[in-house]
Amino acid sequence: MSALPRSLVHFGANLITARTHRRLQREGSAVPAQEKTYASLVRSLAATVYGRESGIEAKMGYDQFRARVPLRVYEEFIPYIERIKAGEADVLWPGRCSFFAISSGTTAGRTKYLPVTEAMLNHFRRAGLDSLFYYTARVGHAGVFHGRHLFLGGSTTLTQIESSPTHPAFAGDLSGITALNLPGWADTHLYEPGAAIAQMSDWPAKIHAIAERTVRRDISLLAGIPSWLLILAQAVLAKSASGKIRPTYLKAVWPNLECLIHGGVPIGPFADELRAIVGPKVNFHEVYPASEGFIATQDADSTFGLRLMADTGLFFEFLPLKEWSEGRLEQLGTRALPLAEVKVGVDYALIMTTPAGLCRYLIGDVVRFVSTDVPRLLYVGRTRLQLSAFGEHVIEKELTDALLTVCQSHGWSICNFHVAPLFVDSAAGQQRGRHEWWIELKTPSAVTPTGPMIAAALDTELQHLNDDYDAKRKGQGLEAPVVRLVMPGLFEQWMRAAGKWGGQGKMPRCRSDRHIADELAKLARFSNDA
């Protein structure tokens with residue numbers, strides 16, 4: 001079906017929209033879907049090297065699986081992944097693997113090579129389309145399929161890696177790999193920015209080329225990471241200017257634009273600016289993707305959280321964050337819970353078993369359910385990116401929410417930020433620890449921001465959001481925070497140096513050490529001296 005007529009695409013989209021709407025109305029379907037997914041995955045895993053070493057049997061029950069198979073982080077899969085890259089079959093998943101998604105996530109560390117098997121590609125195709133039909137079911141029509149869909153993703157140019165001479169393997173950005181493997185009808189009738197531009201890896205040049213190509217096309221859907229969508233929007237508006245007249249929002253350039261899909265990072269700091277620049281009556285649709293698999297997507301108002309995609313081939317487990325200890329993973333396997341046992345309001349480290357053979361894999365994300373009859377959740381941070389140098393246990397979501405509240409109350413716009421601990425330094429007269437915020441704002445604004453003004457407001461807001469932080473501040477175990485307002489471009493410098501500059505790059509929001517903060521300080525001194 002690689003060359004379906006466009007009329008059939010529209011007809012099929014309407015049918016699937018109606019079917020998806022009916023499916024989403026059925027409560028209680030997620031747990032049976034997960035049980036079916038578990039049984040299917042275990043049958044395949046039992047036929048692999050890793051499965052045999054872990055004692056996985058084709059018909060083993062979940063309780064036995066939970067007791068026998070350990071939780072793993074990426075580093076423990078590296079020896080198996082190296083064997084797959086060398087061309088060996090049946091290591092983590094039946095057969096050989098030709099594609100590997102390169103991911104560094106948001107934590108400092110080595111590059112990950114995540115296998116993308118044919119079964120995994122099928123998952124991404126299905127989950128990607130399902131998330132789009134969640135949108136059409138939510139708005140009640142499939143009109144978005146009448147225009148082109150512009151995806152601001154990574155380069156489709158892949159690099160051949162050392163492998164068996166009889167089985168070449170290639171590595172690259174996951175969004176590039178999936179773009180190369182789109183269904184023929186989607187590639188023909190929907191996908192932008194086209195094959196040639198999709199191959200580009202120079203992001204400024206790519207943004208310019210996308211704007212040049214699409215400014216007069218019928219774009220109905222736009223998707224990407226919020227910060228880069230803003231950059232693209234400015235480029236498109238500049239390209240569409242006629243004489244001295246320049247449109248102020250994308251809807252004036254693309255009249256049929258109706259949907260903006262965002263994910264990868266919390267949209268909060270960018271939401272107001274994005275809504276202004278896309279224009280009126282453009283719906284926002286949030287997705288929760290990862291290089292390891294597609295996790296959740298919006299099926300209702302975003303305040304209700306994102307619906308877990310329980311029936312697209314991934315098996316999910318959830319380890320209560322209070323149990324988390326990376327040094328004790330061997331003992332924590334039985335503490336993980338299936339979907340049927342999770343509770344609302346509890347923070348969980350997310351565990352996935354995938355058709356790429358990553359079994360009971362801790363991807364590093366922390367989620368919190370807001371409902372369980374229909375499983376909807378929030379992304380709240382990273383297991384390795386919490387701020388708890390002084391026992392305050394502050395998570396990324398609380399930091400983001402606090403800064404967003406403070407900035408919205410003053411009409412300030414956030415470009416980027418990072419929070420780190422400042423430890424006791426008797427020589428400098430600092431007797432207790434405190435938080436150090438590095439913040440880049442967009443100016444001008446009605447009220448000129450200052451570091452002390454923002455610090456005081458952040459301190460108040462975090463005490464409201466986090467009981468541990470509140471207790472540490474009131475018990476004088478933690479000093480008031482300090483805020484560094486940085487010059488424009490500092491975070492871009494850091495991201496470029498860290499290899500995170502580009503459409504899929506993410507800025508780590510916090511750490512319990514000063515690894516990133518000290519690098520920012522060096523860049524700031526260099527910039528000031530230049």
Side-chain angles (χ1 to χ4, degrees), residues 28-81 83-84 88-95 97 114-115 117 119-120 122-123 290 292-295 308-343 346-367 369 372 375 377 383:
S29 61
V31 169
Q34 279 287 277
E35 292 171 347
K36 182 178 179 180
T37 298
Y38 164 80
S40 175
L41 287 169
V42 164
R43 284 195 298 271
S44 295
L45 290 168
T48 67
V49 172
Y50 185 82
R52 289 190 292 271
E53 291 180 359
S54 301
I56 297 175
E57 300 172 14
K59 296 184 178 181
M60 71 190 304
Y62 173 68
D63 285 340
Q64 189 178 15
F65 173 81
R66 177 164 54 178
R68 186 179 294 181
V69 184
L71 305 180
R72 298 290 192 203
V73 293
Y74 174 78
E75 288 74 14
E76 294 168 287
F77 283 102
I78 289 175
Y80 300 95
I81 292 173
R83 291 167 67 175
I84 301 171
E88 188 175 341
D90 306 330
V91 179
L92 291 175
W93 191 256
C97 181
L114 300 168
T117 62
M120 199 71 212
N122 288 336
H123 155 75
E292 296 86 353
F294 213 115
I295 298 160
L308 187 73
M309 303 192 81
D311 57 354
T312 61
L314 305 182
F315 181 66
F316 298 102
E317 297 174 90
F318 306 89
L319 177 68
L321 191 60
K322 65 181 181 182
E323 306 266 9
W324 162 262
S325 173
E326 191 163 347
R328 296 180 53 249
L329 292 183
E330 291 281 352
Q331 291 81 46
L332 295 178
T334 58
R335 310 299 294 175
L337 306 173
L339 179 60
E341 298 177 25
V342 298
K343 296 180 179 179
V346 177
D347 289 348
Y348 295 101
L350 180 61
I351 304 162
M352 292 164 50
T353 299
T354 79
L358 298 177
C359 184
R360 306 202 83 191
Y361 175 73
L362 284 148
I363 73 168
D365 285 2
V366 180
V367 299
F369 281 89
T372 54
L377 51 77
T383 54

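By convention here, the first residue in the shown sequence is residue 1.
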>> Tell me every residue that passes ring-ring contact (aromatic ring centres under 6.0 Å, His included) with Phe294, counting only those two or more places apart in sequence or in another chain.
In response: none
> Could you walk me through whether Met120 and Thr354 pass the side chain to side chain contact (heavy atoms under 4.5 Å, CB included) check?
Replying inline: CA-CA 7 Å; Met120 199 71 212; Thr354 79; 3.9 Å; yes
>> For a side chain to side chain contact (heavy atoms under 4.5 Å, CB included) check, start with the C-alpha distance between Asp311 and Lys36, then their side-chain angles and the critical distance, and finish with the verdict.
In response: CA-CA 8 Å; Asp311 57 354; Lys36 182 178 179 180; over 6 Å; no
> What pairs with Gln34 under side-chain hydrogen bond (donor to acceptor under 3.5 Å, both in side chains), at least two apart in sequence or on another chain?
Replying inline: none
>> Restricting to salt bridge (Lys or Arg N to Asp or Glu O under 4.0 Å), what partner residues turn up for Glu323, sequence neighbours left out?
In response: Arg335
Which pairs of donor and acceptor atoms, one on a side chain in residues 50-60, lie under 3.5 Å apart (sequence neighbours left out)?
{"from": "Tyr50", "atom 1": "OH", "to": "Arg72", "atom 2": "NE", "distance (Å)": "3.3"}
{"from": "Glu53", "atom 1": "OE1", "to": "Tyr80", "atom 2": "OH", "distance (Å)": "2.5"}
{"from": "Ser54", "atom 1": "OG", "to": "Tyr50", "atom 2": "O", "distance (Å)": "2.9"}
{"from": "Glu57", "atom 1": "OE2", "to": "Arg68", "atom 2": "NH1", "distance (Å)": "3.0"}

> Once the angle between the rings of Phe316 and Phe318 is folded into 0 to 90°, is it parallel (under 30°), tilted (30 to 60°) or perpendicular (over 60°)?
Replying inline: parallel
>> Nearest 0.5 angstrom please: Ile84 CD1 to Leu92 CG, how far?
In response: 4.0 Å
>> Using 30° and 60° as the class boundaries, would you call the ring planes of Tyr38 and Phe315 parallel, tilted or perpendicular?
In response: tilted
> Closest heavy-atom contact between Pro115 and Ile81?
Replying inline: CD-CD1, 4.1 Å
> Taking only residues two or more places apart in sequence or in another chain, which ones pass side-chain hydrogen bond (donor to acceptor under 3.5 Å, both in side chains) with Arg43?
Replying inline: none
> Under the salt bridge (charged side-chain N to carboxylate O under 4.0 Å, His left out) rule, what pairs show up with a residue in residues 350-367, not counting sequence neighbours?
Replying inline: Glu317-Arg360, Asp365-Arg382
>> For the CG atom of Leu41 and the CG atom of Leu314, what is their distance to the nearest 0.5 Å?
In response: 8.0 Å
> In chain order, what residues pass the side-chain contact (heavy atoms from CB on, under 4.5 Å) check against Arg328, with sequence neighbours excluded?
Replying inline: Ser325, Gln331, Leu332
>> Just to verify, what does Asn122 make a side-chain hydrogen bond (donor to acceptor under 3.5 Å, both in side chains) with, not counting sequence neighbours?
In response: Arg125
>> With rounding to the nearest 0.5 angstrom, report the OG1 to CG distance, Thr353 to Leu45.
In response: 7.0 Å
>> So, using side-chain contact (heavy atoms from CB on, under 4.5 Å) as the criterion, who are the partners of Val346 when residues are at least two apart?
In response: Lys343, Tyr348
>> Rounded to the nearest 0.5 Å, what separates atom CG in Leu350 from atom OH in Tyr361?
In response: 11.0 Å
> Would a distance-only check, ignoring hydrogens and angles, find a side-chain to backbone donor-acceptor pair under 3.5 Å from Asp90 to Gly95?
Replying inline: yes
>> With rounding to the nearest 0.5 angstrom, report the OG1 to CG distance, Thr334 to Leu319.
In response: 9.5 Å
> Which residues pass the side-chain contact (heavy atoms from CB on, under 4.5 Å) test with Glu341, sequence neighbours left out?
Replying inline: Arg66, Leu337, Pro338
> Considering all heavy atoms of both residues, which atom of Ala310 and which atom of Thr37 are nearest to each other, and what is their separation?
Replying inline: O-OG1, 3.8 Å
> How close do Phe77 and Gly357 get, heavy atom to heavy atom, and via which atoms?
Replying inline: CE2-O, 4.2 Å
> Any idea which heavy atoms bring Ser44 and Pro94 closest together, and the distance?
Replying inline: O-CG, 3.5 Å
> Would Val366 and Trp324 count as a side chain to side chain contact (heavy atoms under 4.5 Å, CB included) if you check the C-alpha gap in whole Å, the side-chain angles of each, and the deciding distance to 0.1 Å?
Replying inline: CA-CA 11 Å; Val366 180; Trp324 162 262; over 6 Å; no
